There are 2 protein chains.
Amino acid sequence: MKTKALRITNPRLAMLRVLSECKNPISAEEIHKLAGDGTLDLVTVYRNLDSLEEAGVVQRHPIERGKNLYALVSPDHHHHHVICRRCGLIEKLPGCDTIKLEIAAKNQGFTDLTHIMEIYGICPRCSSNPSHE
Amino acid sequence: MKTKALRITNPRLAMLRVLSECKNPISAEEIHKLAGDGTLDLVTVYRNLDSLEEAGVVQRHPIERGKNLYALVSPDHHHHHVICRRCGLIEKLPGCDTIKLEIAAKNQGFTDLTHIMEIYGICPRCSSNPSHE
DNA sequence: ATGAGTGCAAATAGTTTGCAAGCTG
DNA sequence: CAGCTTGCAAACTATTTGCACTCAT
């Protein structure tokens with residue numbers, strides 16, 4: 001799992017444990033809270049999220065302005081999510097369609113392609129419940 | 001252009017002018033700088049980006065951690081971009097493939113769908129130039 | 001032993017909120 | 001005139017940086 005010259009350390013193991021236990025993307029803050037045996041620093045979480053993202057182990061999901069969630073890259077199949085604009089509910093979507101666009105990007109000479117993508121909407125519960133929080 | 005009960009004010013006109021002159025997405029800060037005849041406040045830019053995004057006039061493009069760029073929604077065709085991870089170069093990509101995913105989301109009961117998506121890579125110039133800044 | 005990784009403290013960057021005053025419809 | 005908008009000041013949140021120390025290799 002750590003094939004990219006990344007050292008195996010307690011903070012990293014803790015983070016990966018937390019990430020592997022969450023089926024939905026979570027924030028750095030949450031990782032810190034959950035993995036935190038008290039000694040793990042939030043700064044370390046951020047730094048490791050960087051390295052792990054670069055190593056292709058985690059995937060970043062930008063949500064609302066200035067926030068990001070992280071999740072392990074699904075070993076089997078890459079996917080994305082729908083996020084409810086009102087209540088924040090996150091659901092998985094099957095597969096990913098971006099191949100065409102990546103090919104277009106490759107044709108423009110870009111290499112080493114990755115992408116981020118999120119779909120937003122109003123979830124069933126929220127749309128049936130007119131309370132506009 | 002402002003069909004959604006949004007008032008026509010100088011700040012908004014200035015912002016729309018700037019946005020319409022930029023073919024690539026730009027940041028709130030840049031809009032502020034460019035539209036700023038000195039009186040326009042950055043806060044107003046943010047507030048109007050919110051209203052305009054909600055009104056469907058502008059589109060938000062989340063890039064690196066915690067940053068967002070904005071662009072007018074192309075009246076003709078919706079599209080996305082490739083962004084060079086190294087130098088930040090942004091290029092347009094033709095069209096958008098997300099329909100399948102949006103259908104999947106709709107099937108899960110979500111309504112009012114929108115999405116964000118960006119592709120990252122290394123641009124031709126950067127990959128031929130090994131200086132790893 | 002040596003440098004990647006960590007914790008702590010402090011700094012940034014981007015964005016949001018409260019409130020009184022201004023301007024649009 | 002009423003209420004959407006704005007400016008200003010200040011608060012926040014998420015993230016980054018510097019530095020000395022530690023631990024994996």
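Please read all numbers here as calculations on a predicted model, not as lab measurements. Only this structure's heavy atoms are used, side chains among them; waters, hydrogens and symmetry mates stay out. In the text below, chain A, chain B and the rest are named by the order of the sequence lines, each starting its count at 1.
- Closest approach to the A:P11 side chain among C:dG7, D:dT6, D:dG7 is made by C:dG7 (side chain taken as heavy atoms from C-beta onward).
- Rounded to whole angstrom, the span from the NZ atom of A:K67 across to the C1' atom of C:dA13 amounts to 15 Å.
- Under the 3.5 Å distance criterion, with hydrogens and angles disregarded, no donor-acceptor pair is assigned to the side chains of B:E91 and B:H81.
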Each nucleotide of nucleotides 20-25 of chain C classed B (base within 4.0 Å of a protein heavy atom), S (only sugar-phosphate) or -, in 5' to 3' order, makes ----BS

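- When all heavy atoms of B:G56 and B:V73 are compared, the closest pair comes out as O-CG2, 3.4 Å.
- Distance CZ (B:R12) to C1' (D:dC4): 8 Å, rounded to an integer number of Å.
- Looking only at atom types and distance, the side chain of A:E30 has a donor-acceptor partner in the side chain of A:S27 under 3.5 Å away.
- Taking CG from B:L69 and CZ from B:R60, the interatomic distance works out to 10.5 Å, rounded to the nearest 0.5 Å.
- Whole-Å rounding puts the B:E29 CD to C:dT16 P distance at 14 Å.
- Residue B:N68 places no side-chain N or O under 4.0 Å from the OP1 or OP2 atom of C:dG14.
- Rounding to whole angstrom units, NE2 of residue B:H32 and C1' of C:dA13 are separated by 15 Å.
- Below 30°, between 30° and 60°, or above 60°: for B:H80 and B:H61 the angle between ring planes is above 60°, a perpendicular geometry.
- Across all strands shown, B:S27 has no heavy atoms under 4.0 Å from either base or sugar-phosphate atoms.
- Annotation for B:I31 and B:M15: closest pair CG2-CG, 3.8 Å, computed over non-hydrogen atoms.
- The distance between atom CG of B:L69 and atom P of C:dA13, rounded to the nearest whole Å, is 17 Å.
- Under the 4.5 Å side-chain criterion, counting only non-hydrogen atoms from C-beta, B:R12 is in contact with B:L6.
- Of the residues in residues 40-49 of chain B, those lying under 4.0 Å from DNA chain C by heavy-atom distance are B:L42, B:V43, B:Y46, B:R47.
- Between B:M15 atom CE and D:dG7 atom P there is a gap of 11 Å when expressed in whole angstrom units.
- Taking both residues in full, the closest heavy atoms of A:A28 and A:V45 are given as O-CG1, 3.7 Å, listed atom of the first, atom of the second, then distance.
- In this entry the distance linking CG of B:L52 with C1' of D:dT5 reads 12 Å, nearest Å.
- By the criterion of side-chain heavy atoms lying less than 4.5 angstrom apart, applied directly or through intervening Ile, Leu, Val, Met, Phe, Trp or Tyr residues, A:V43 is not grouped with A:L52; the two fall into different hydrophobic clusters.
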